[in-house]
Protein chains: 2
Amino acid sequence: MAKRIRMKPDSPQCSTCMMAQVCLPAGLPEREMTQIDQLVKERVRLKKGDSLYQQGESLEALYSVRLGSVKTQLTDLSGQSQITGFYLPGEVVGLDGMLEGQHNSNALAMEDSEVCVIRLDDIDEISRYAPSLQHQIRRIMSKEISRSHHVLMALGSLRSEARVAAFLLNLSQRLAILGYSSTDFVMRMSREEIGNYLGLTLETVSRLFSRFAREGLIHINQREVKLLDLDALKQLSGQA
Amino acid sequence: MAKRIRMKPDSPQCSTCMMAQVCLPAGLPEREMTQIDQLVKERVRLKKGDSLYQQGESLEALYSVRLGSVKTQLTDLSGQSQITGFYLPGEVVGLDGMLEGQHNSNALAMEDSEVCVIRLDDIDEISRYAPSLQHQIRRIMSKEISRSHHVLMALGSLRSEARVAAFLLNLSQRLAILGYSSTDFVMRMSREEIGNYLGLTLETVSRLFSRFAREGLIHINQREVKLLDLDALKQLSGQA
DNA sequence: CGTCGAATTGACTATTATCAAACTAAGTGG
DNA sequence: CCACTTAGTTTGATAATAGTCAATTCGACG
């Protein structure tokens, strides 16, 4: 189960964190970087499948993925559920639900993971003397809005092959930012999760992976992928 | 074309606005309400079809719809475009693109409309002495995230009839908040726009409206709708 | 009254889902 | 250590949903 880890008070967190360049502090001036060092007082360690938060719980913090990966999903009254995002290190989860002050989605660890707890109260506190923190929060929220609008575009106007190609390219880009290979990576999610996220069935996703492989666009072995023809994938995905 | 209207300096705006209860200031304490009165220094009046902002323009402000309705859309390199939202009075447009500081969508007036200009600089300025303004901005952004996640859910996991039913119910609820009838209203958007938003063709939308009417769930005459059986629509949409 | 854009309706087609079977990799327990 | 699960994946055959194309119809407006 989820395990909470308290940080030593006054020990710097963000300014010495390896993720700082890709996480919430990214782009902050040096001076303010040290000021937000007290922002993270706690981390949570999650085992694969553990829940970080659930629909209905009161929202007190945001969570920045430090290690591993997390998915968020909505469940409707008929029991249908929809994955709304896959989050990698440096990405922030829990941005929805601030209107009513309670989470309206579930967040689950897709593998053993660790997240930094960013309490809303502390954001307010610290942003009094580090005003750009507010800008960072806005930028992160804006990025999430933009991201979900792009997924909307994919679900609303792309055909299955284009969605899958776009999915691969998106993962590729985000992994590259983290310093991993952009062409050679392991997907942390199952065919079913990919299908759910993209509004397709797991069979369709599997068939498309097989077809892309047959056509020489990718190599695929279970969850290991190698992107062989980025241009063709871009073409397919509408990002020609 | 779009017409900019300067406000008289020092004349109160938000605190005396009819929309205050459903707009950005909603829920603010009385004391802070007057403090944000200088937030809106300008309004923009748009004719039907006018653009409020375009992909690539630098982002300096948010826009709160005061009158009329606005749609936002993304266009990809292949020319395909996807409507990402329909915005009614009190709703805020322009929340994406803060990461790069430039709009990455287009906003267009769906009818003659008027929007309040909320400059980002002024938000920073005013939130120094009205700290809850930051909370309101966060809440509005969070609401947009939540909204788009719910649309994701609709596009990813609902069938066409469920999407259309959910669309009607959603419009109904938002109009009710504005004080209009929740069962009897005029849709400002064409079948094509609805279809684009919902990831369907205009023919499919038209057929479903006809079928719902035949089955006694709604009355429909062009863009005028009357919702006759809310329960059945909820059932259909998965919000049973 | 005629034109034009929007909406409806029908016939047919394409895409993707569903159902089912077989296969793989990675445990689990005798 | 090996048979036996089990969850995840692949592949095929068939079905359903929604898309495409085309013909009207409707309504608003000049």
Side-chain angles (χ1 to χ4, degrees), chain A residues 47-49 71 80-83 86 108 110-112 154-168 186-215 217-225 236-238, chain B residues 47-49 71 80-83 108 110-112 154-168 186-215 217-226 236-238:
Chain A
K47 287 259 155 235
K48 179 173 178 171
K71 67 172 172 180
Q80 278 273 359
S81 81
Q82 171 72 34
I83 295 174
F86 297 118
L108 295 166
M110 301 173 62
E111 57 189 312
D112 293 1
L155 299 201
S157 65
L158 300 184
R159 309 189 311 129
S160 57
E161 54 173 23
R163 290 185 215 176
V164 172
F167 173 77
L168 290 172
V186 175
M187 298 181 287
R188 257 48 239 226
M189 55 295 275
S190 67
R191 301 291 186 266
E192 181 164 25
E193 289 171 319
I194 298 170
N196 181 296
Y197 179 61
L198 297 177
L200 303 169
T201 56
L202 69 100
E203 292 95 331
T204 299
V205 174
S206 174
R207 276 187 244 273
L208 287 166
F209 281 159
S210 301
R211 204 183 92 204
F212 289 171
R214 221 179 307 127
E215 291 168 347
L217 306 185
I218 65 174
H219 247 290
I220 189 151
N221 185 280
Q222 301 291 116
R223 299 189 181 184
E224 280 176 45
V225 222
L236 263 181
S237 73
Chain B
K47 287 258 156 236
K48 181 175 177 168
K71 66 173 173 180
Q80 276 274 358
S81 81
Q82 171 71 35
I83 295 174
L108 295 166
M110 301 173 62
E111 57 189 314
D112 293 2
L155 300 200
S157 65
L158 300 184
R159 309 190 310 128
S160 57
E161 53 172 23
R163 290 186 215 176
V164 173
F167 173 77
L168 290 172
V186 175
M187 297 181 288
R188 256 50 238 229
M189 54 295 276
S190 67
R191 301 290 187 267
E192 181 164 25
E193 288 172 319
I194 298 170
N196 181 297
Y197 180 62
L198 297 177
L200 302 169
T201 57
L202 69 98
E203 291 95 331
T204 298
V205 174
S206 175
R207 276 186 245 274
L208 286 166
F209 281 159
S210 301
R211 204 183 92 204
F212 289 171
R214 221 179 307 125
E215 292 168 348
L217 306 184
I218 64 175
H219 247 291
I220 189 151
N221 184 281
Q222 300 291 116
R223 299 188 183 185
E224 280 176 46
V225 222
K226 194 187 290 254
L236 262 181
S237 74

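In the text below, chain A, chain B and the rest are named by the order of the sequence lines, each starting its count at 1.
Contacts of A:G199 with the nucleic acid, taken as non-hydrogen atoms under 4.0 Å apart, involve only primed sugar atoms and P, OP1 or OP2. The residue B:L200 sits close only to the backbone: its heavy atoms come under 4.0 Å of sugar-phosphate atoms, none of a base.
Across the protein-nucleic acid pair, A:L202 atom CG and C:dC19 atom P stand 13 Å apart, rounded to whole Å. The nearest whole Å value for the distance from the CE atom in B:M187 to the C1' atom in C:dA6 is 12 Å. The distance between atom CG of A:N196 and atom P of D:dG8, rounded to the nearest whole Å, is 14 Å. Across the protein-nucleic acid pair, B:I194 atom CD1 and D:dA18 atom P stand 16 Å apart, rounded to whole Å. Between B:L208 atom CG and C:dT9 atom P the separation is 12 Å, expressed in whole Å. Spacing between atom CD of A:E161 and atom P of C:dA17 amounts to 13 Å, rounded to whole angstrom units. Across the protein-nucleic acid pair, B:E203 atom CD and C:dG5 atom P stand 17 Å apart, rounded to whole Å. If you take CZ of B:R207 and P of D:dA22, they are 15 Å apart, rounded to a whole angstrom.
Ranking C:dT18, C:dT8, D:dT9 by closeness to the B:S206 side chain, first place goes to C:dT8. In the set C:dT9, C:dA17, C:dA7, C:dA7 carries the atom at the smallest distance from any side-chain atom of B:S190.
In this structure, CD on B:E192 lies 9.0 Å from CD on B:E203, to the nearest 0.5 angstrom. Taking CZ of B:F209 as the start and OG1 of B:T204 as the end, the distance is 11.5 Å to the nearest 0.5 Å. Between A:M189 atom CE and A:M110 atom CE the span is 4.0 Å, to the nearest 0.5 Å.
Residue-to-nucleotide contacts include no donor-acceptor pair under 3.5 Å from the side chain of A:R159 to the base of D:dG19. Put simply, the side chain of B:R223 and the base of C:dT8 share no donor and acceptor less than 3.5 Å apart.
Within the structure, a side-chain polar atom (N or O) of B:S160 is placed less than 4.0 Å from OP1 or OP2 of D:dA18. For D:dT11, the OP1/OP2 oxygens have a side-chain nitrogen or oxygen of A:S210 closer than 4.0 Å. Remark: B:R191 is not in phosphate contact with C:dA6, judged by side-chain N or O atoms under 4.0 Å from OP1 or OP2.
Ion pairing of B:D112 with B:K48 is absent here, as no side-chain N (NZ or NE/NH1/NH2) approaches a carboxylate O to less than 4.0 Å.
Nearest-nucleotide mapping onto DNA chain C: of A:Q222 and B:R214, the residue sitting toward the 5' end is B:R214.
Counting only heavy atoms from C-beta outward, the side chains of B:R207 and B:F212 never approach each other to under 4.5 Å.
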